[in-house]
J.: 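Before I ask anything, let me first share the structure, which is written out below as structure tokens.
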Amino acid sequence: MSVLTIADTDWTVGDPEPLRVWIGCLSHYNAGRLVGEWYDAIDAGAVTVESLHRDAGCRQSWDCEELWVMDLDSFPSGIGEISPSTAQEWGDAYAEVDPAEWSPLNAWVECGAYIACGNGDVPCVSDFRDHYTGEYESFRSYAECLADDLGMMGGWSEQAQNYFDWDKWVRDLSFDYTVVGSPTGGVYVFSNP
């Protein structure tokens with residue numbers, strides 16, 4: 001059984017910035033020299049050792065063989081150094097969502113209740129869409145909307161409706177959801193996998 005989770009966020013409201021990565025040459029890094037360049041994450045998988053050195057204006061040495069993403073911009077918090085191919089997967093996920101979906105997708109990833117694609121940490125966008133119920137003023141607000149949408153009290157007498165214990169029902173319902181604070185002061189609600 002899952003537990004209701006509420007997490008604070010550090011997001012800003014507005015359109016998301018594009019995902020960018022700083023790809024560096026590990027050979028130069030290990031020798032004490034930073035050689036690299038910023039790229040859009042969606043293009044990171046296409047960066048080669050040769051193109052990185054050309055873009056950075058640096059000569060390629062015989063031992064320059066491996067590239068690594070050493071800095072990230074606009075990724076969910078907690079994502080550390082990654083390979084360029086993983087950065088490309090994040091860029092693909094970013095390109096797949098609407099700008100309005102990026103903040104809730106980040107929230108889903110940052111709270112840890114998300115479903116990753118394959119063996120990595122990149123979220124599965126189709127699963128995100130299956131589990132994201134929307135942004136609400138509160139979880140109780142979501143529960144009341146759900147009850148209305150389901151016609152839950154249709155046919156109930158007024159007396160039965162008056163005695164219904166909303167607090168207990170909302171508490172019990174919360175075990176099936178993850179709730180994360182949104183940058184607007186409301187909450188994002190996700191059904192648990």
Side-chain angles (χ1 to χ4, degrees), residues 1-23 38-47 68-147 149-150 169-193:
M1 187 184 294
S2 297
V3 183
L4 175 69
T5 306
I6 300 177
D8 295 323
T9 61
D10 295 326
W11 305 304
T12 56
V13 179
D15 284 345
E17 294 293 321
L19 297 186
R20 307 250 316 142
V21 294
W22 194 87
I23 302 175
W38 283 97
Y39 297 92
D40 287 336
I42 200 161
D43 300 325
V47 176
W68 200 246
V69 174
M70 299 180 187
D71 199 2
L72 309 162
D73 192 22
S74 299
F75 279 70
S77 64
I79 307 297
E81 294 180 3
I82 55 178
S83 69
S85 61
T86 300
Q88 169 101 34
E89 291 175 23
W90 276 100
D92 293 341
Y94 175 85
E96 195 175 334
V97 297
D98 296 326
E101 293 176 311
W102 186 244
S103 182
L105 180 66
N106 270 342
W108 196 46
V109 170
E110 290 177 1
C111 77
Y114 75 104
I115 299 169
C117 292
N119 295 327
D121 293 328
V122 179
C124 184
V125 174
S126 62
D127 285 330
F128 160 74
R129 289 187 175 129
D130 288 344
H131 293 281
Y132 179 53
T133 65
E135 182 177 2
Y136 298 86
E137 187 176 297
S138 65
F139 183 72
R140 174 147 187 156
S141 175
Y142 165 74
E144 290 171 354
C145 289
L146 179 64
D149 291 347
L150 295 174
W169 185 75
V170 169
R171 185 199 66 229
D172 289 349
L173 184 67
S174 71
F175 289 107
D176 295 329
Y177 293 87
T178 297
V179 180
V180 182
S182 77
T184 60
V187 295
Y188 295 128
V189 178
F190 305 95
S191 62
N192 289 334

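Since the model is a prediction, treat every value here as computed from it, not as a measurement.
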J.: Restricting to non-hydrogen atoms, name the atom on S74 and the atom on L19 that form the minimum distance, rounded to 0.1 Å.
T.: O-CD2, 2.9 Å

J.: Taking C-beta and beyond as the side chain, do D43 and V47 meet within less than 4.5 Å on heavy atoms?
T.: no

J.: Which heavy atom in R140 sits nearest to a heavy atom in V170, and how many Å separate them?
T.: CA-CG1, 4.3 Å

J.: If you define the side chain from C-beta out and look only at heavy atoms, does anything of Y114 sit under 4.5 Å from L105?
T.: no

J.: Between D40, D71, D73, which is the residue that forms a side-chain hydrogen bond (donor to acceptor under 3.5 Å, both in side chains) with R20?
T.: D40

J.: Would you give the length of the straight line joining atom CZ of F128 to atom CH2 of W102, rounded to the nearest 0.5 angstrom?
T.: 9.5 Å

J.: Is a donor on one side and an acceptor on the other found under 3.5 Å between the side chain of E137 and the backbone of G186?
T.: no

J.: Got a sec: does the CG of D92 have more than 12 other heavy atoms crowding it under 6.0 Å?
T.: yes

J.: Kindly indicate whether the side chain of I82, heavy atoms from C-beta on, has any atom under 4.5 Å from the side chain of D121.
T.: no

J.: So which atom in Y94 and which in E17 form the shortest heavy-atom distance, rounded to 0.1 Å?
T.: OH-O, 3.2 Å

J.: Any side-chain heavy-atom pair from S182 and V187 closer than 4.5 angstrom?
T.: no

J.: Is N192 reaching over with its side chain to a backbone N or O of T178, donor-acceptor style, under 3.5 angstrom?
T.: yes

J.: Once you round to the nearest 0.5 Å, how far does CD1 of I42 lie from CH2 of W90?
T.: 14.0 Å

J.: Could you walk me through whether S83 and T86 pass the side-chain hydrogen bond (donor to acceptor under 3.5 Å, both in side chains) check?
T.: CA-CA 5 Å; S83 69; T86 300; 3.0 Å; yes

J.: Would you check if the side chain of Y188 reaches a backbone N or O of S103 as a donor-acceptor pair within less than 3.5 Å?
T.: no

J.: Are the side chains of Y142 and T133 in touch, meaning some heavy atoms are under 4.5 Å apart?
T.: yes

J.: When you measure from the side chain of H131 to the backbone of S191, do you find a donor-acceptor pair of N or O atoms at a distance under 3.5 Å?
T.: yes

J.: Quick check: closest heavy atoms across W108 and D127, and the distance to 0.1 Å?
T.: CH2-C, 3.7 Å

J.: If we only count heavy atoms from C-beta on, is the I115 to P123 side-chain gap below 4.5 Å?
T.: no

J.: Is there a side-chain contact between E81 and V69 (heavy atoms, below 4.5 Å)?
T.: no

J.: Compare every heavy atom of L173 with every heavy atom of A143, then report the nearest pair and how far apart it is.
T.: CB-CD2, 3.7 Å

J.: Take the angle between the ring planes of Y177 and F139 and call it parallel below 30°, perpendicular above 60°, tilted in between.
T.: tilted

J.: Can you check whether D98's main-chain N or O pairs, donor with acceptor, with E101's side chain at less than 3.5 Å?
T.: yes

